[in-house]
Structures are given as structure tokens and as C-alpha cells.
Amino acid sequence: MSTFTASLIFSVLFLVFGAALGLLGNGDKFRRKVSVEFNPGLTPPWVLPPGVNLVHVRGLGLNDTLHFLLCNHGAPALLMVHTNSTQSSVQVDWPSFINRSSPSSLKVEPQTSVRYSRALVFTRVWEYDDVNNTADPQQTAESSFYPPYELQNFIWSDLNKTDNQSNLTLQLCGGEKTESFVNGSLCLQFSAFESVGRDQAWPSLHHNANSSQLHVWLNGVTPRGNHSRFALEFQSVGDFGFEGRVDVYSSIDDEYTPSIFKVSQWVSSPVNSTGVWGYNQWKPVAYRKAEPVFEDATPCKHSQLVSMTHIPQSRLVQAYFTEDPQTYGLNISFGIDKDPAFYSDTKYISWTVLVGLGDPPADSFSTLIIIIITVGLGTPLVIIIVGGVFVWLRKRKSHSSGYEPIN
Amino acid sequence: MADRREYEGLLDDEEENDEGVSPHLSPLCDPTHLLHRILVLVFMCFLGFGSYFCYDNPAALQTQVIQDMGLNTASFMQLYAWYSWPNVVLCFLGGFLLDRVFGIRLGTIIFSMFVLLGQIIFAAGALANHFWLMNLGRFVFGIGGESLAVAQNTYAVNWFKGKELNLVFGLQLSMARVGSTVNMNVIGWVYGRIEAMLGSTGHTTLGITLMIAASTCLFSLMCALILGFLDRRAEKILKKEQGKTGEVIKLTDVKDFPVSLWLIFIVCVAYYVAIFPFIGLGQVFFIEKFAFTTVQARAINSIVYIISAPASPLLGFVVDRTGRNVLWVMLAVITTLLSHMMLAFTFWNPWIAMCLLGLSYSLLACALWPMVAFVVPEHQLGTAYGFMQSIQNLGLALMSMAAGSILDLKGYLFLEVFFIACLCLALLAVVLLYLYNSYKEGELNLSASERTSRMKSEDAQRLRVPQPSVEDHDHLKPLSPFGLRIRYLSRLGVQVSLDISKRLMELAVFSHRCVVVLADAGSQVFSGLQECPQMSCASRCPVTLPETNAFVLINFSCVCASIWMFVFDCNPARVHESVDAFSREMCTVLIQMHTLHGVIGIFNAVSWQFTHSSFTFW
């Protein structure tokens, strides 16, 4: 009887686990073969200014290619181009690219294969004196704003490249030639991914092969006021016929980003259509330390999306987008109303955004949670069924045997 | 049995001494006289005042402590954790030390000294700016604090048994609240004054404030000395024995505990672990996940306790009437599980989940605790309850820390999943308990009527069999279940008073104002002025019209709380002493309720004295 019970329990548990793992197995297994090249086709005598690079990351899929181009000539920009060909390549007319002599000096060939292209340009860092401690630049008087740091004027140090098994990471740091940046810098870390996964470091955004990640941090910059807070200005440039909007979703899952229950998505979709072609996704959180603990998280918020009339001062964007591109701008500001901590307390703030193609990835429960819930709920259920039957049988048996002596 | 004889002995003594001693003593000095007992009661109440006052010092000075000592919330919470640690063991040992080692009088004095010493070390830690010293102080304070509560109850039983015992227990409970309330209101003000005197904040200011708070402990120590003196004097005059806790804790009993008791322990620990740490961390959860304001979050976080006040008497009544405790516990665990799942996996209005949690929490308390009495013989009750509290303390202390780390590393969803896992364990234990019980045909899950008939047949058997061991068991007579539960409640109050004392203070103020409203309305009606009572009240105290309904509601819950304490005590074991126990019990409950009303009145008056200055704030 007991062996039967045990085997029954195990088989039911096995079934439950099997179902759970089956559910998990539906994950995005899509992979791309990622390769990187620096300044493709650049030959002497042409040289880029010091610290400036054009990085081309090529993600080769089964029947398409996803190009990411990162360039800090002018304001740093990340251009994403999706082609339906596995043979597409990037062509740069270097003399005109360096001298800004003509547009369309950067092309993805064959041009007919290009399905979608969009660039994210990091244009300015705003600093304002938050005297009322509202942490809201939109409610702050214009007089409280210091002159912004224009990223097109930054001096950049050399690029750092680190490569591990499944992602490729590039890091560049720079600053203005002013006192503020003597001991500090603004850094950008770009990561491209071969497959689905998450970074170890918070906010641990859920990335896939169709996305890349930009991690921005401002380290050791001398604030110009006692109550200085910073905001980042981004612009997104895309083809004509697309429009942008920012959606904020609630998510019950904060396992990878503790205490953050929201996801913000700046999506672009064709006019008169709801389908999403590309996105910038982030969680409304910034961290005040390089290796943050729970207390170092601070909320961040975004401004209204603004339509811009000029494309930003980025060589990459100017060279690629030639026909009536559409530009939207948006600010990301850090801190919360009555936040006791200002930038000067830790002199560090970091923020992360995922740039990708297609629908933004959604969070799902981790395997551990599913297993805990399944085992937790399954075991009492199994035991009550098995035990109930067992007790009932035993009672019936004892009752029947109890009557036998009378007969 | 022993109590009865002791009581009779006391009466005999009284009669003998009527000629011998009484004529020479004024009523105030005569140990048999009511007036003297009231004097003793005053000292008895203030015996615990210091420890209750100082227990919540960190909570009342939370921002100041964190600022002055440069802490984060986690290390601040250690101040409470360090208080809990000694009590994991002392739940067992407190009664034993009082009975066998020190005796009640010396024991009380020693524990009071521990309290005083602990608070002084605590304050010295702040003065010297050493946080570890503050933790050490809390540890020493914890050694004294809990055992002092046991000593206080023992004194009460010793002096008031068979007289005004329930009132005295009630008063002592109220004193705990008064201590916390006074602390919450006064200590911040003291800090402000010291700050003004020194001209700055800092660890010195904090240290001086805490040193001043230590004076309440000194006061309590003086009460302990006086009580010891009075008790000894009464012993000499009345020739009675020193009081005993009556708790016989025999650790060897533990090996005899039946399987079902262990299952009950598992349910108890696994369930409470998913409640108290959650409420402790809940406020920020509601702010982060449901975008509540701080005020809303505080309100929803305390709804569990507020609901349990009116719900517990009703549910307790239902459980007592129907029996079938195991099924009720199962229901409670399942509904708690549901509400935790709602909070974890949905964005539904959390008020639904929290109200459900409040109801199931009350239901579990009503159904789980009396079960111990069914599975353990009466002389082991003390050990069983002591063990239960001990592992509950241990579980809470460990799980609070675990919950904090989980939150820091994995976030709220995982924390909720962790609580759900704990509840699943509780559910598993209940299921096993149910199966084991129906397999053994135990009495845990009988309906009330079945229980009565079984009890009757057992009584009949007992009448037929001579009982030789009655005398042997005399000295093993434990504290009555009521006493045990009062102890449990007072301890629970201490456990959760970080959240609840503030809430209770608010309740007290509200209900006081409610009394004012009602009295005002009454006088208006009687004087025939036919004015709107609320309007006239508004002129007396700042009550606005829409608030009045809330007051009535809250006063109702306050009254229910008083019923609850006594209905909770409806121990089925005692109900069956008489066939028609129901009517008798209802009668006692009503009488006791009135008694408690008086206590609440006193409490309200006292707390009002200390809070009316902040009335404008409301």
C-alpha cells in the first residue's frame, strides 16, 4: 500500500513538474550570430578624431540581419537597421562622413533589403538646482537650470571592449573640458546579445537577440549647486511614416528589479497601425551607486514626448537619415518628490535602456518561482487526495471487519 | 485544586487573624483589606511601566536613532531582533527561574534590574556612539522585559485570585498600552527639549534622552522593591506561601508531545511567519506596488489588526459553537493563501486582500490556540504553550531577517512567494493534522455536540475510577488557560506593538472622542435643545460631521475588542463543566465586558491626557 502511495505521489509530482517545465520551455530560443567591426573600411589617410569610433555590430539571423551602429562623432548615437537579407553590409564614404560634406555618406546595402531603421541619440545632460526638492524638472523654474552639457562637444577617451560568451560589451567615457569633469565622466556601456538573458546587475532587463542595451552613468561629476539633480535628454530619429509614444505598464514581477513594478516603453509604430516595430524599454529606476543595494535605488521619470524639427547633431544620424526623418525628444530625470538624497551625496547615478526591434520583451516568472508555487500548492493537494482515499479505505475496511464477529 | 485550597486557607487565615492582627492595622496596611490590595495593584501596574515605556523607545525615535547613529532600516530593526533573541529561551525559563531559583520577589527585583541595566547600556551605547553597545543593551533589556511580564502576572494571581483577577489582568494589559502610548508621545518631545538645550542633534542628545527614559525603569525597580517588601510582609502576617507562576515547564515533557501537537506547532510557526514580517514590511510594499500614499499605506497595513478586533469575538463564538477546529484552521490558512496570492500576482485593490487576511488571521487565532488544550494533558499545558511561544519567537526572529534579505535581493514578488511557500507548509501541516486526526479518531475535528457527549462519557468513567493521584498533581496545577492566554496576548502585544501601539493610541483617541460625541449628543437631547449634536461637538473638539460615523464604528470595534478578549477565552474544556454552559458563559462574558469597559475608560482618560495636546493635529 505504502509503495503504491509513494509511487502515486511521485508520478503526480512528476506530471506537475513536467507541465511546469513544458510551460517554461516556450521561452524565446532565437539566436543571432553576433560579430563586431570597428570603423569598417576606414583606411589612411582618413582618420577619425581621437576617441571617436564607428562600431558596427552585425547580428546574423536565419534569414535576416540586424545591424547596430554606435558612433560618438558628435552626440553619441545608436542606430539600429533591420534588413531581410543575410548578405547586407554597411558602406561608409569616409571622406564625406568625417568632413560632414554630404548626407547619405553611410548606407546599408542593398538598400532595398532595409525593413526598418531607427536611431537613439543621447544629446544633452541637464543639471538643475532643485531648491524645492520636487525632483521634477518640468515644475522647476527655468532660472534654476544650469547650462546643459552638450554631448556633441564631449571629449571621449578610448573605447574599451570586453567580450564574453554570449554578449559583447563596449564602454566609452567622456566629458566636457570644464571643471565639472575634472574628476568625473559620463560613461556609456553598449551591450549586444546573441540570445535571451539578463544582466546580473540591476535593473537586469530581459533582453533577447533582437535587442541591445545602453547603460549610462554619471560618475564623480562636480555638481554646480548644493541641490543639483540631473536629467538626460534623448532623441529618437526614425523613418517618415512612423510615430512614437511612451507606454507605462505595470508588472507584478519585481524579482529582477526589486521594488520596481513598472516598465516604460518608448515604442514606434506605423501611422494608423498598432503594431510595434521598434522600442526603447527601461524600468523607472536609477541607481546611486556603482554596485547598488536595495536602498540605492531611486525612481526616475520621463517627460512628455516632444516632436523636434531638427535632427540632432550626430554625424551618424546625419549621414544615414536623408529623407525627411522624424525626430522625437524625451527627458529622463532622477529622484522623487522630497527625496533626501541629491547627486552630491554619492556623485553617481546610473540608468539603463534596452533598444530593440519588434515587440518589447515581457517579464515572465522565473523557474524558481514556478517550482516553489507548484510544489507548495501541489504537495498538500496530492496528500489530501491520497491520504483521504487511504483513510476512507481503512475506515471502510475496519467497519466491515468490525461487523464480521456478529455474523 | 491547589488554588482552591490556598484560597480557602487564605480565608481561614483571615478569620483567625481577625482578632489577632487586623485591629492593629489601618485598612491601608491590612493585607486582607481591599484598600491595601488596591495599593499593591498600583505598584503592580507600574512594575511593568518602565519596560513597556522603554521597549518602544526605538520606534518612537526611529528617525532620530537612524540619523544620529547613521544606520539604515535593516540595522535599526536589529534593535528589536536583539530584544527577541533571549526570549526564545526565556519563554521556557522565565517561569522556572521565578518558581524554583529566585522566588517571585527576588526574581522580580532581578528582572527589573536587568531592565534598568539594559536601558542604561542602551543609552550608554548612544552616548558613546557605539551601535553594538546599543544592541547589547537591548539584549539585556530583553532578558528582563519578558520575564518581568511573567512575574507581574504571578503577583496578580497571588494577590487577586478569586477576587478581581480579570480586572487586574485587564488593567495590566492596559498599562502596557499606556506605557507605549506615553512613550510614543513624550519621548519625542523630550528629545526636542534636549536638542534645544544642547543646541544640536547627535548621538549625545539621543543618549541623554534614553538615559532620561531609563528613569522609568528605575521607577519600576522601586515598585519591585516595594512590592517585594509588601508581599513578604503579607506572607508573615497571613502565613501564606510565596506565589508561583504555576507554570510547570518540564522539558522532558517535550518527548511525550503527540504528533498532532508538533503539527500544530508547524502550523503556528509557518502561519505567523507569513503574517507579522509581512505587516512589518508591508507599508513600503503598498507604496511601491500599488502607488499608495504613506497615510493610505499605514491605514491598509493596520487593517488586519483593526478587523481582528470585531471579527475575533464573532469567529471565536462560531468556532466554539461548531467545533471542527481543524477544518476552521484549514479554511483560515487557505484564505490567507488566497489573499497573499492576490497581493503577489494581481493588481486588484489590495483592500480586498488585506480584509480577507484580517478575517482569516482572526479565524486562525480562534481555532488554533484552543486545539493545544485538546491534545495535551492539562499538566503539560504550560510546557506546550511555552514551547509553542518559544519556537514562534525563534521563527519570527529568523524569518524577519530572512524576509529582509529576500526583499533586498529578490524583491517583493519573491518575498510574497516565500510567504506563500510558508503558508503552503502550514497547509500541508493542517492537512496532515486532519488526516492523522481522522485516522486516530481524535477529538480535534469533532463538532461541538460530539465533543460534549464524549466529554460526558469520560466524566462518567472518571467517576467510576478512583483518582489516587490528585494529591500528587496538586503542585503541578498549571496557570488557568485564561492566564496563559493573557500572557500570550500581552506578549503578542509587545511583539507587534511597533505597529500596533500607534494604532491603539489612535483608537484610544478616536474612541475617547466618540465618547465625547455620544455624551454630548445625550446631554443635548436631555436638555431638550434639539440642536444637531455633531455641530455642538464640533465647537468643543475639532470633530467634523463626516467623521462621526467613523467614530461610532471605531468605538464599536473598541467595544468588540473588549468582548473579544473574553470570548477568546471561551475554552471548550471549561464550557463542558456544565451542560448549560452557554448561558452561563454569555453571562460571564457580559459582566467581564463591563469590567473591561471601565478599564478602557481609564485607558482612554490617561491616553487622552497625553494626547489631547496634539488634538489640533487631528
Side-chain angles (χ1 to χ4, degrees), chain A residues 5 200 202-204 248-262 283-285 292-297 299 336-338 340-341 363-395 398-399, chain B residues 63 67 71-75 270 281 284-291 293-294 330 333-334 337 340-348 404-441:
Chain A
T5 312
Q200 280 290 313
W202 289 340
S204 308
V248 179
Y249 287 106
S250 289
S251 157
I252 59 167
D253 194 350
D254 72 331
E255 185 183 351
Y256 299 100
T257 322
S259 87
I260 305 301
F261 290 94
K262 288 207 159 55
K283 288 200 174 179
V285 63
V293 294
F294 192 68
E295 286 82 15
D296 299 325
I336 191 173
D337 193 24
K338 304 280 179 293
D363 270 337
S364 55
F365 292 138
S366 69
T367 321
L368 189 57
I369 284 184
I370 293 176
I371 288 177
I372 291 175
I373 295 287
T374 324
V375 173
L377 291 179
T379 322
L381 204 67
V382 167
I383 288 189
I384 202 162
I385 293 168
V386 174
V389 170
F390 181 69
V391 167
W392 180 69
L393 282 176
R394 199 187 155 84
K395 265 190 182 167
S398 69
H399 272 270
Chain B
T63 46
Q67 235 167 46
L71 308 174
N72 59 21
T73 319
S75 47
L281 296 167
V284 188
F285 172 68
F286 293 115
I287 295 173
E288 300 271 5
K289 181 164 178 180
F290 298 98
T293 64
T294 319
M330 204 183 288
V333 174
I334 288 171
L337 198 58
H340 262 300
M341 288 180 119
M342 265 186 231
L343 289 170
F345 301 129
T346 69
F347 278 102
W348 297 351
S405 323
I406 289 175
L407 173 60
D408 280 358
L409 293 174
K410 288 282 196 172
Y412 285 103
L413 179 74
F414 205 89
L415 182 66
E416 278 292 343
V417 168
F418 169 72
F419 289 143
I420 288 170
C422 288
L423 286 169
C424 286
L425 180 67
L427 184 62
L428 184 66
V430 185
V431 167
L432 287 176
L433 184 64
Y434 178 79
L435 292 174
Y436 180 81
N437 189 60
S438 50
Y439 176 69
K440 290 267 174 191
E441 292 174 0

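Computed from a prediction, not measured in an experiment: that's the story for all the values here. Just so we're on the same page: letters track the sequence lines, and every chain starts at 1.
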Requested in this report: Please look at B:Ile420 and chain A and tell me whether the side chain, the backbone, both or neither of the residue comes under 4.5 angstrom of a heavy atom of that chain.
Outcome: side chain
Report summary line: Closest heavy-atom pair, A:Ser364 versus A:Asp253, reported as atoms and distance to 0.1 Å, is O-OD2, 3.1 Å
Report summary line: The interface call for B:Leu409 against chain A, heavy-atom contacts under 4.5 Å, is backbone
**Report entry** Segment of A:Val391 engaging chain B (4.5 angstrom heavy-atom cut-off)
**Finding:** side chain
Query raised in the report: Are the side chain of A:Asp254 and the backbone N or O of B:Tyr412 linked by a donor-acceptor pair below 3.5 Å?
Result: yes
**Report entry** Which portion of B:Val431 sits near chain A, non-hydrogen atoms under 4.5 angstrom
**Finding:** side chain
Requested in this report: Quick one: sort the B:Phe285 and B:Phe290 rings into parallel, tilted or perpendicular, breaks at 30° and 60°.
Outcome: perpendicular
Query raised in the report: What pair of heavy atoms forms the shortest contact from B:Glu288 to A:Ser259, and how long is it?
Result: OE1-O, 3.1 Å
Report task. Give, as side chain, backbone, both or neither, the part of B:Ala291 having an atom under 4.5 angstrom from any heavy atom of chain A. Result -> neither
Query raised in the report: In terms of heavy-atom proximity below 4.5 Å to chain A, should B:Leu432 be classed as side chain, backbone, both, or neither?
Result: side chain
Query - Test item: B:Lys289 side-chain N/O and B:Phe347 main-chain N/O as donor-acceptor pair under 3.5 Å - result: no
Report summary line: Turns out that what part of A:Ile372 lies under 4.5 Å from chain B's heavy atoms comes down to side chain
Query raised in the report: Non-hydrogen atoms of chain B under 4.5 Å away: do they reach the side chain of A:Ser251, the backbone, both or neither?
Result: backbone
Query raised in the report: With chain B, which of A:Pro258, A:Pro299, A:Ala297 has the greatest number of heavy-atom pairs at distances under 4.5 Å?
Result: A:Pro258
Requested in this report: Begin from the C-alpha positions of A:Thr379 and A:Ile383 and carry the test side-chain contact (heavy atoms from CB on, under 4.5 Å) through to its verdict.
Outcome: CA-CA 6 Å; A:Thr379 322; A:Ile383 288 189; 4.2 Å; yes
Query - Side chain to side chain, A:Phe365 and A:Ile252, heavy atoms closer than 4.5 Å - result: yes
Query - Side chain / backbone / both / neither for A:Leu368 at chain B, heavy atoms under 4.5 Å - result: side chain
